[in-house]
Peer 1: 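One structure follows; several queries about it will come next.
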Amino acid sequence: MVWQGRIGEIPLRVDMLPSGRIFASWSVRGNDRRAVVDTIGQLEQRVLFQLMLGAGPQEDAVAKEVVAAVQAGQEGLPDPTQAPANTRRKKRPARRPGPPRSRRRR
């Protein structure tokens with residue numbers, strides 16, 4: 001856990017994953033929300049911006065505190081933006097048992 005607190009009325013928890021990605025979870029009116037992002041800019045766009053809309057400009061210092069905590073937590077972790085992309089292999093379709101079927105159907 002890198003940071004835990006409230007932005008306005010909304011509880012927020014920010015964690016650093018071993019891969020270097022940022023995990024944020026918060027709860028709005030009983031609905032749990034989560035986001036996993038690669039960069040601090042994405043965290044600001046996807047999480048902090050939404051929470052700041054509801055909290056107002058007086059919570060700007062808290063948002064800066066979250067960003068500073070994430071920057072400190074990223075030290076020594078790999079940069080997720082430099083990681084190779086996952087390539088998914090296509091599965092071969094299962095063969096049907098029995099004789100081959102004719103291609104022409106009515």
Side-chain angles (χ1 to χ4, degrees):
M1 181 182 69
V2 176
W3 191 87
Q4 184 171 6
R6 294 178 97 60
I7 295 184
E9 297 294 320
I10 301 169
L12 172 67
R13 178 181 170 148
V14 181
D15 297 312
M16 290 300 300
L17 301 176
S19 64
R21 298 183 84 191
I22 304 164
F23 175 79
S25 61
W26 66 101
S27 179
V28 179
R29 295 186 206 114
N31 294 328
D32 292 333
R33 304 270 184 187
R34 295 182 205 117
V36 179
V37 295
D38 291 330
T39 64
I40 294 173
Q42 291 173 347
L43 176 71
E44 290 174 332
Q45 290 174 351
R46 295 185 187 173
V47 179
L48 296 178
F49 180 74
Q50 291 178 23
L51 299 179
M52 292 299 291
L53 284 176
Q58 67 274 12
E59 297 290 326
D60 191 40
V62 177
K64 290 179 182 177
E65 180 183 329
V66 172
V67 170
V70 170
Q71 287 174 339
Q74 283 182 330
E75 293 178 10
L77 292 175
D79 184 7
T81 59
Q82 302 300 321
N86 290 343
T87 55
R88 294 188 179 186
R89 295 172 58 184
K90 291 184 179 179
K91 287 185 177 180
R92 292 179 59 186
R95 289 189 51 186
R96 298 180 67 123
R101 301 174 77 186
S102 99
R103 292 187 182 261
R104 188 172 175 202
R105 292 192 181 167
R106 294 185 186 202

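Note that the structure is a prediction, hence the values are computed from the model and not measured.
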Peer 1: Treating Ile, Leu, Val, Met, Phe, Trp and Tyr as nodes and any side-chain heavy-atom pair under 4.5 angstrom as an edge, say whether F49 and I40 lie in one connected cluster.
Peer 2: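 Per the 4.5 Å side-chain linkage, F49 and I40 are not co-clustered.
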
Peer 1: Taking only residues two or more places apart in sequence or in another chain, which ones pass salt bridge (Lys or Arg N to Asp or Glu O under 4.0 Å) with D38?
Peer 2: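 In terms of salt bridge (Lys or Arg N to Asp or Glu O under 4.0 Å), with neighbours along the sequence ignored, D38 is linked to R21.
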
Peer 1: Determine whether D15 and R13 satisfy the following criterion, salt bridge (Lys or Arg N to Asp or Glu O under 4.0 Å), listing intermediate values before the conclusion.
Peer 2: CA-CA 7 Å; D15 297 312; R13 178 181 170 148; 3.2 Å; yes

Peer 1: Between OG of S27 and CZ of R33, what distance do you get to the nearest 0.5 Å?
Peer 2: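 Here the interatomic distance stands at 9.5 Å.
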
Peer 1: Does I10 have any side-chain contact (heavy atoms from CB on, under 4.5 Å) partners at least two apart in sequence or in another chain, and if so, which?
Peer 2: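 Residues passing side-chain contact (heavy atoms from CB on, under 4.5 Å) with I10: W26, V28, L51.
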
Peer 1: Output a table of donor-acceptor pairs, distance under 3.5 Å, between side-chain atoms of residues 58-74 and any protein atom two or more places apart or on a different chain; print 'none' if there are none.
Peer 2:
residue : atom : partner : partner atom : Å
Q58     : NE2  : A55     : O            : 2.9
E65     : OE2  : W3      : NE1          : 2.9

Peer 1: If every non-hydrogen atom of P80 is compared with every non-hydrogen atom of G20, which pair is closest and at what distance?
Peer 2: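 So the two residues come closest at CG-O, 3.5 Å.
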
Peer 1: Taking it one step at a time, do V47 and V14 satisfy side-chain contact (heavy atoms from CB on, under 4.5 Å)?
Peer 2: CA-CA 10 Å; V47 179; V14 181; over 6 Å; no

Peer 1: Flag yes if V37 and L48 sit in one hydrophobic cluster, no otherwise; membership is Ile, Leu, Val, Met, Phe, Trp, Tyr, and two members link when side-chain heavy atoms are under 4.5 Å apart.
Peer 2: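 Yes.
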
Peer 1: Do L12 and V2 land in one hydrophobic cluster if side-chain heavy atoms of ILVMFWY residues count as linked below 4.5 Å?
Peer 2: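 L12 and V2: one cluster.
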
Peer 1: How about I22 and M16: do any of their side-chain heavy atoms sit closer than 4.5 Å?
Peer 2: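 Yes; the side chains approach each other to less than 4.5 Å.
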
Peer 1: Distance from T39 atom OG1 to Q45 atom CD, nearest 0.5 Å?
Peer 2: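 That separation rounds to 7.5 Å.
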
